[in-house]
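Data block below; observations after.
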Amino acid sequence: MTDIEYLQKYLDKSNLENGIKRLENGEPVQYIVGNVDFYDLNLNVNENVLIPRFETEELVFRLINYIKKNLGENVRILDIGTGSGCIALTLKHKLERSIVDASDVSLSALEVARSNALKNSLDVNFIESDILKNITRTYDVIVSNPPYISYDEEIMDIVKNNEPYLALYADNNGLYFYREILSNAKKYLNKKNIIAFEIGEKQGSDIKKIALEYFPNSTVKIEKDLYNRDRYVFIFNEINDII
């Protein structure tokens, strides 16, 4: 579907002309119409959250398969940096017996995520937290698509000029949040667990090193997206025969 077709689908005739002008001025079509399709859900989005992308859908798809095959469906999951709630809500939708918590430091993002939980009738607990600061439970799964763009990295203008800076960029060449999560995650995890990340395409080997620094006995898998770029890291603890 083209951007114009997307506008025509969601805007009435009285708003279509203004929507096209906004599109021509470089505003993402998803922000103009106020929603995006993600997996089987339709989610509200605005300038306070990243626009969910296909790569993140693929992260969720793979994680669901790993959870079902290695942990079963009665799991407790934490999504760190939830943004629109796309990861947490899809996991709850597909793993109905799971208990899902989702955190974000941005109150504006949490407002969007809560609206999406209500819109899709999904029971997810949202927590205001700077990474793991306000987390009090333990989990079988921790998942995150954190900010991972380094400050000197070139990105598309439509992203740079519209999507929230806080959700895009990170210190330490984009690795800051991975180390913060991994260095503190052990006390928030049950013995048998999975950690899953979306990553930048050049970060796989560095994140694997960080993971093995804090989880030396883990199995770490770097997986590629559909464009053959490193895009996902899965860390398995106390799971010896990964299915």
Is [Y] close to [X] at the side-chain level, that is, under 4.5 Å between some pair of heavy atoms?
X      : Y      : value
Asn35  : Lys119 : yes
Ile77  : Tyr139 : no
Ile135 : Ser103 : yes
Lys92  : Ser98  : yes
Gln203 : Asp230 : no
Leu212 : Ser218 : yes
Asn18  : Leu11  : no
Ile87  : Leu63  : no

Return the [atom1] to [atom2] distance between [X] and [Y], rounded to the nearest 0.5 Å.
X      : Y      : atom1 : atom2 : value
Arg22  : Asn15  : CZ    : CG    : 9.0 Å
Glu201 : Tyr148 : CD    : OH    : 9.0 Å
Leu71  : Lys192 : CG    : NZ    : 6.0 Å
Leu189 : Ile142 : CG    : CD1   : 4.0 Å
Ile51  : Ile158 : CD1   : CD1   : 7.0 Å
Leu89  : Leu41  : CG    : CG    : 6.5 Å

Task: Any pair counted as side-chain hydrogen bond (donor to acceptor under 3.5 Å, both in side chains), so long as it reaches residues 207-216, sequence neighbours left out - done: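 Checked against side-chain hydrogen bond (donor to acceptor under 3.5 Å, both in side chains) - neighbours excluded - the pairs reaching residues 207-216 are Arg179-Glu213, Arg179-Tyr214.
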Note to self: Listing request: all side-chain hydrogen bond (donor to acceptor under 3.5 Å, both in side chains) pairs with a residue in residues 68-87, at least two apart in sequence or in separate chains.
What the structure shows: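 As it turns out, the side-chain hydrogen bond (donor to acceptor under 3.5 Å, both in side chains) pairs with a partner in residues 68-87, which skip direct neighbours, are Asn74-Arg97, Asp79-Thr82.
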Practice task
Name all residues meeting the side chain to side chain contact (heavy atoms under 4.5 Å, CB included) criterion together with Lys9; count only those two or more places apart in sequence or in a different chain, and write none if there are none.
Solution key: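 Side chain to side chain contact (heavy atoms under 4.5 Å, CB included) list for Lys9, sorted by chain: Met1, Asp37.
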message = According to side chain to side chain contact (heavy atoms under 4.5 Å, CB included), who are the partners of Glu57, at least two apart in sequence or on a separate chain?
response =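 Partners of Glu57 by the side chain to side chain contact (heavy atoms under 4.5 Å, CB included) criterion, ordered by chain and then number, come out as Phe38, Tyr39, Phe54.
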Residues that [X] engages under salt bridge (Lys or Arg N to Asp or Glu O under 4.0 Å), provided they are two or more places apart:
X      : value
Asp157 : Lys160
Glu198 : none
Glu55  : Arg229

Under 3.5 Å, is there a donor-acceptor pair between the side chain of [X] and the main chain of [Y]?
X      : Y      : value
Asn162 : Glu47  : no
Asn134 : Glu128 : yes
Ser150 : Asn173 : no

Pairs of donor and acceptor atoms involving the side chains of residues 233-242, under 3.5 Å and at least two apart or interchain, shall be tabulated with distances.
| residue | atom | partner | partner atom | Å |
| --- | --- | --- | --- | --- |
| Asn237 | ND2 | Asn193 | OD1 | 2.7 |

Within the supplied structure, the quantity of interest is the number of heavy atoms (other residues, nucleotides, ligands) at a distance under 6.0 Å from [X] [atom1]; does it exceed 12?
X      : atom1 : value
Glu154 : CD    : no
Glu111 : CD    : no
Tyr151 : OH    : yes
Lys133 : NZ    : no
Lys186 : NZ    : yes
Glu17  : CD    : no

By ring-ring contact (aromatic ring centres under 6.0 Å, His included), Phe197 pairs with (sequence neighbours left out) Tyr178
(message) Test of understanding: with ring-ring contact (aromatic ring centres under 6.0 Å, His included), list the residues that count as partners of Tyr165, not counting sequence neighbours.
(response)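 Partners of Tyr165 under the ring-ring contact (aromatic ring centres under 6.0 Å, His included) test: Tyr169.
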| request: Could you go through the side-chain hydrogen bond (donor to acceptor under 3.5 Å, both in side chains) check for Thr138 and Asn190 one step at a time? | output: CA-CA 6 Å; Thr138 59; Asn190 297 324; 2.8 Å; yes
Per the side-chain contact (heavy atoms from CB on, under 4.5 Å) rule, which among Leu7, Ile20, Ile4 passes with Val29?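 Testing Val29 for a side-chain contact (heavy atoms from CB on, under 4.5 Å) against Leu7, Ile20, Ile4 leaves exactly one candidate, Leu7.
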Do [X] and [Y] sit in one hydrophobic cluster, given that two such residues count as connected whenever their side-chain heavy atoms are within less than 4.5 Å of each other, even indirectly?
X      : Y      : result
Leu122 : Ile127 : no
Ile199 : Ile131 : yes
Leu78  : Leu182 : yes
Leu166 : Leu175 : no
Tyr66  : Tyr232 : yes

(Q) Would Asp101 and Arg137 count as a side-chain contact (heavy atoms from CB on, under 4.5 Å) here? Give the steps. (A) CA-CA 9 Å; Asp101 292 345; Arg137 296 174 174 170; 3.2 Å; yes
*Derivation of the side-chain contact (heavy atoms from CB on, under 4.5 Å) call for Leu43 and Val49*: CA-CA 11 Å; Leu43 303 175; Val49 298; over 6 Å; no
Check: Closest heavy-atom contact between Val124 and Ala102?
Finding: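 The answer is CG1-CB, 4.1 Å.
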Please give me the minimum heavy-atom distance between Val36 and Tyr6, naming the atom from each residue.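 Closest approach of Val36 to Tyr6: CA-OH, 3.3 Å.
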Q.
Determine whether Asp104 and Ser106 satisfy the following criterion, side-chain hydrogen bond (donor to acceptor under 3.5 Å, both in side chains), listing intermediate values before the conclusion.
A. CA-CA 5 Å; Asp104 206 293; Ser106 167; 4.6 Å; no
Other than Ile243, what residues sit in its cluster of Ile, Leu, Val, Met, Phe, Trp and Tyr side chains whose heavy atoms are under 4.5 Å apart, directly or through others?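 Members alongside Ile243: none; it stands by itself.
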Connected to Leu118, directly or through other members, by ILVMFWY side-chain contacts below 4.5 Å are none
Margin query: I'd like to know if the side chain of Ser14 pairs up with that of Asp12 as donor and acceptor (distance under 3.5 Å, no hydrogens or angles considered).
Written below: yes
